[in-house]
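What follows is a set of notes on a single structure, which appears directly below.
Chain letters run A, B, ... following the sequence lines, proteins first, then strands; residues in each count from 1. No hydrogens, no waters, no symmetry mates; every other heavy atom, side chains included, goes into these values.
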Number of protein chains: 2
Amino acid sequence: MAEHLLRCDSCAVRHRAVCGALERDEVARLSAIAHHKLLPPGQVILHDNAEMHYFANIVSGVVKLTKTLADGRQQIVGLQFASDFLGRPFRANSPYHAETVTDVHLCTYDKGQFERLVKEIEGFEHRLFQNTLDELDSAREWMLLLGRKSAGEKVASFLLMVARRMESIGCKVSDDPERPRFNLPLSRAEIADFLGLTIETVSRQISRMKVDKIIALEGTRTISILDMQRLMAAMEQERD
Amino acid sequence: MAEHLLRCDSCAVRHRAVCGALERDEVARLSAIAHHKLLPPGQVILHDNAEMHYFANIVSGVVKLTKTLADGRQQIVGLQFASDFLGRPFRANSPYHAETVTDVHLCTYDKGQFERLVKEIEGFEHRLFQNTLDELDSAREWMLLLGRKSAGEKVASFLLMVARRMESIGCKVSDDPERPRFNLPLSRAEIADFLGLTIETVSRQISRMKVDKIIALEGTRTISILDMQRLMAAMEQERD
DNA sequence: CGTTGACTTGAACGATATCAAACAGGGTGG
DNA sequence: CCACCCTGTTTGATATCGTTCAAGTCAACG
């Protein structure tokens with residue numbers, strides 16, 4: 001038990017994850033049912049429409065939630081980073097597919113045991129609820145992007161969103177706050193699936209921003225934002 | 001008090017709204033803080049980014065939630081029908097704009113009083129939570145539509161969605177289950193804002209379905225679905 | 001009737017998709 | 001160490017779908 005406590009005390013995402021709201025002894029109870037899981041990229045966590053057997057906090061790495069049409073067209077409907085919660089309490093199965101994008105470190109909880117704790121621990125469900133409201137806000141933000149933004153605006157918004165998330169979980173490669181530098185967790189194909197575009201269009205927009213000196217690339221995954229002002233302007237208002 | 005109970009007992013949406021989960025005496029407490037509000041179309045319920053002062057159940061009518069870009073481009077990010085809940089418990093303000101689309105009958109609750117009840121009534125927050133998970137599912141379903149479906153598929157999906165909602169709240173005009181007939185609550189402009197298209201494209205797609213004998217129109221708002229099979233096929237797979 | 005606003009229809013244009021080829025980096029086997 | 005793929009990415013040419021701009025229709029209403 002003391003050991004469990006210790007584990008959570010040293011957890012990198014402890015204060016930002018849903019468990020952050022818990023009291024010390026409650027954390028211990030949660031910790032007692034926690035199991036750690038390390039997954040390589042491309043691992044399926046949840047099949048579309050399948051039953052879920054566990055919940056999880058993401059300790060590190062990135063997970064994508066996707067939906068697919070009959071003919072194979074795919075859309076990423078959610079991107080989860082360190083400290084995000086995976087799973088739908090009190091729901092039997094998932095309406096989407098969840099898959100690791102990078103190496104992922106999960107802190108998992110058996111479904112039944114977790115739901116029992118949620119009922120027993122005062123305020124825990126409240127925290128999960130508020131977390132879901134945040135997810136809903138992000139989803140709706142993304143609906144605006146998907147329905148109304150141009151390709152250039154979409155890519156700019158995406159880069160900024162990733163930059164912010166990477167920053168907040170301390171994964172930035174650089175230390176100049178004005179010129180963030182980070183590794184893109186997604187491939188071009190995945191970015192396209194997230195933005196409702198094709199690979200080629202994503203690539204062209206990124207190339208254009210490179211030519212325009214808004215960003216710089218090292219290899220294909222490491223991005224530096226050179227001109228934050230213009231990137232933010234490009235997010236809502238495509239220049240001609 | 002008895003009067004309040006009575007009011008809820010005869011409520012059209014009582015069993016499907018979030019209050020449907022409550023015990024008899026709990027309904028009475030909720031009823032005690034309820035106020036009814038009748039609004040004409042085009043009335044703003046919530047300003048983007050403004051503070052919310054009340055929650056509400058929709059008793060009848062349709063409400064749209066929208067987000068707008070700096071230059072005026074708009075996206076409907078949620079469409080709420082009778083029995084849907086409006087508001088974000090324990091959040092100070094709203095990240096989107098809510099506006100009536102038709103005549104709307106609301107059953108409203110003061111924010112503070114409602115939140116107190118949520119804390120006091122066992123299982124009430126749970127119900128609100130599950131309701132929010134449903135909203136999240138719808139939002140993600142719509143992300144797939146916005147990002148990956150063609151104009152024709154979008155319009156077909158929209159008609160089917162409205163048909164289903166109208167049916168479930170008993171607003172269908174016809175009684176043949178194979179050939180639903182109903183009034184569109186949205187104008188062409190609103191449909192366009194919901195689907196991420198222009199008015200003209202929406203109009204053309206509807207005209208095409210009319211020529212193809214998949215639907216029939218009376219005036220501009222009343223729709224009959226003539227061929228449910230083909231409408232459902234058109235939803236996911238655009239014919240050439 | 002004439003006006004207004006919502007909708008439809010048509011023609012031209014443009015953004016993004018599609019198709020196709022070239023390119024780059026990283027691993028493998030020789 | 002190099003030749004060879006393999007996969008992901010970039011770039012180019014063309015096609016297509018949906019937008020834009022512009023009329024035209026229609027019903028409601030003064």
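The S207(A) side chain lies nearest to dT11(D) when the options are dT11(D), dT19(D), dT8(C). Distance from the side chain of E200(A) is smallest to dT11(D) among dG18(D), dT11(D), dC7(C). Minimum atom distance to the side chain of T220(B) is reached by dC7(C), of the listed dT8(C), dT16(C), dC7(C). Comparing dT20(D), dT8(C), dG18(D) against the side chain of T198(B) picks out dT20(D) as the nearest.
Regarding contacts with the backbone of dT8(C), a side-chain N or O of R188(B) is found under 4.0 angstrom from either OP1 or OP2. Within the structure, a side-chain polar atom (N or O) of T201(A) is placed less than 4.0 Å from OP1 or OP2 of dA17(C).
Here dT11(D) presents its C1' atom at 14 Å from CD1 of I199(A), a figure rounded to the nearest Å. Taking atom CG of residue L186(A) and atom P of nucleotide dG8(D), one finds them 14 Å apart after rounding to whole Å. As rounded to whole Å, 14 Å separates atom C1' of dT10(D) from atom CD of Q205(A). Between the C1' atom of dC26(D) and the NZ atom of K210(B) lies a distance of 12 Å, rounded to the nearest Å. In this structure, the CG atom of L197(B) is 15 Å from the P atom of dC7(C), given to the nearest Å. Computed from coordinates, the D193(B) CG to dA6(C) P distance equals 13 Å when rounded to whole Å. Here the P atom of nucleotide dG10(C) and the CZ atom of R208(B) are 14 Å apart, to the nearest Å.
Between E236(B) and K149(B) a salt bridge is recorded (basic side-chain N to carboxylate O distance below 4.0 Å). Salt bridge annotation for D84(B)-R165(B): present, with a cationic side-chain nitrogen under 4.0 angstrom from a carboxylate oxygen.
The base of dT20(D) sits with one of its N or O atoms less than 3.5 Å from a complementary donor or acceptor on the side chain of R204(B).
A donor-acceptor pair shorter than 3.5 Å cannot be found between the side chains of T132(A) and E135(A).
Nearest-nucleotide positions on DNA chain D for S203(A) and R148(A) put S203(A) closer to the 5' end.
By the 4.5 Å heavy-atom criterion applied to side chains, L86(B) and V63(B) are counted as neighbours.
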